[in-house]
Amino acid sequence: MQTAAFNQLAQVQDSPAHEITAFFDQLKNSLVIYTRGSTAIEAVRAFTAGFDQLQTSTISADQSAALDGFFAGKFVTDLDRTTGNTADPLGFLPSSSAERYLQANYTMLSTDFGEAIKLDDAGDGSAWSAAHARYHDNFRELTQRLGYEDAMLLDTRGDVVYSAYSGRISGATSK
C-alpha cells in the first residue's frame, strides 16, 4: 500500500512538469510550422523592403523630442519599476532613420499596447505601411487568439522589422 501511495504521489508530482513540457513542445511546433508558411515569408520580405526604404526618412523636431522624451521618461520609468534595476535610456533609443520613423509614426501614436495593435495603417503612404496594412491583421489574430505577448519579424541582419504591438520595432544596432 505504501508503494502504491508513493507511486501515485510521484505521478501527481510529474504531471505539472509533463503539462508544461507538452505546452512548450506544442508552442514550438506551431511556431516552426507557422514561420515556414508563405504568409510569414512574404511578410518578412515586404517589411524588410519597407524598413530599408525608410532609412532615408526623417521625422520632425517635435517627433524627435517626443520620442527621446518617451524613452527617457515613461519607458525607462516603467522598465525600472518592472525590473527593479536602473536603465540607461540611451541604450534603448532607436538610432537609425527607419527605427526613429517607425517609432514616431506607430509606437508613439499610442503607448497603450491594446490600442496600438488595432492600428492597421499610419496613413503615410510608405511601403512599410502598405506591408503593415496587408499583413498586420494576420499577426494580430495570431497574437491575440493564441495569447502571445507579441509577434515579431526579424530580417536577416537582426533588425526587428515588425511588431504586432508596434512597441518593439528597432534595428540590430539599438538592442
Side-chain angles (χ1 to χ4, degrees), residues 14-52 54 67 70-71 74-85 87 89 91-96 98-124 126-175:
D14 290 342
S15 181
H18 175 71
E19 289 176 21
I20 291 170
T21 301
F23 169 77
F24 281 108
D25 286 345
Q26 179 184 6
L27 178 64
K28 181 180 91 174
N29 291 335
S30 296
L31 290 174
V32 166
I33 290 168
Y34 189 78
T35 58
R36 291 183 181 183
S38 61
T39 300
I41 293 168
E42 291 169 9
V44 168
R45 287 181 182 142
F47 281 112
T48 299
F51 188 82
D52 290 346
L54 291 174
L67 188 60
F70 168 75
F71 279 95
K74 179 175 176 26
F75 179 83
V76 168
T77 301
D78 290 350
L79 182 63
D80 290 352
R81 185 177 57 248
T82 301
T83 64
N85 296 317
F92 298 96
L93 283 173
S95 58
S96 79
E99 294 168 48
R100 292 186 67 77
Y101 182 88
L102 291 171
Q103 291 279 340
N105 287 286
Y106 276 89
T107 304
M108 295 303 296
L109 294 180
S110 176
T111 56
D112 174 354
F113 286 142
E115 289 300 313
I117 198 164
K118 295 176 185 176
L119 179 64
D120 289 322
D121 187 346
D124 64 352
S126 70
W128 193 93
S129 287
H132 196 271
R134 179 174 179 190
Y135 296 105
H136 180 59
D137 185 58
N138 184 56
F139 292 106
R140 175 178 43 227
E141 287 294 318
L142 174 76
T143 303
Q144 292 180 329
R145 288 184 184 268
L146 298 177
Y148 296 155
E149 185 176 327
D150 202 350
M152 301 167 87
L153 299 176
L154 284 75
D155 66 15
T156 57
R157 299 170 298 226
D159 295 322
V160 177
V161 295
Y162 170 81
S163 163
Y165 283 97
S166 300
R168 298 172 178 94
I169 302 165
S170 62
T173 58
S174 66
K175 290 185 183 75

To the nearest 0.5 Å, what is the distance between CZ (Phe51) and CD (Glu99)?
5.0 Å

Please state whether the rings of Tyr162 and His132 are parallel, tilted or perpendicular, taking 30° and 60° as the class boundaries.
tilted

Can you check whether Thr143's main-chain N or O pairs, donor with acceptor, with Asp150's side chain at less than 3.5 Å?
no

Could you state the interatomic distance from CH2 (Trp128) to CG (Leu54), rounded to the nearest 0.5 Å?
8.5 Å

Return the OH to CG distance between Tyr135 and Leu153, rounded to the nearest 0.5 Å.
10.5 Å

I need the Asn105 CG to Ser129 OG distance, nearest 0.5 Å.
7.5 Å

Output the distance between atom CG (Leu102) and atom OG (Ser163), rounded to the nearest 0.5 Å.
11.0 Å

Heavy atoms of Ala131 and Ala46 approach each other most closely as CB-CB, 3.7 Å

Which pair of non-hydrogen atoms, one from Leu67 and one from Ala104, has the smallest distance, and what is that distance?
CD1-N, 4.4 Å

Are any non-hydrogen side-chain atoms of Asp121 and Tyr106 less than 4.5 angstrom apart?
yes

Kindly indicate whether the side chain of Arg140, heavy atoms from C-beta on, has any atom under 4.5 Å from the side chain of Asp137.
yes

Side chains of Phe71 and Gln103: does their closest heavy-atom pair fall under 4.5 Å?
yes

Heavy-atom closest pair (Gln144 atom, Ile117 atom, distance to 0.1 Å) is NE2-CG2, 3.5 Å

Least distance between heavy atoms, Ala43 atom then Phe139 atom:
CB-CE1, 3.7 Å

Rounded to the nearest 0.5 Å, how far does CZ of Arg134 lie from OG1 of Thr39?
8.0 Å

Between the side chain of Asp155 and the main-chain N/O of Arg157, is any donor-acceptor distance below 3.5 Å?
yes

Quick one, Asp52 with Phe47, criterion side chain to side chain contact (heavy atoms under 4.5 Å, CB included). Give me CA distance, side-chain angles, the key distance, then yes/no.
CA-CA 8 Å; Asp52 290 346; Phe47 281 112; over 6 Å; no

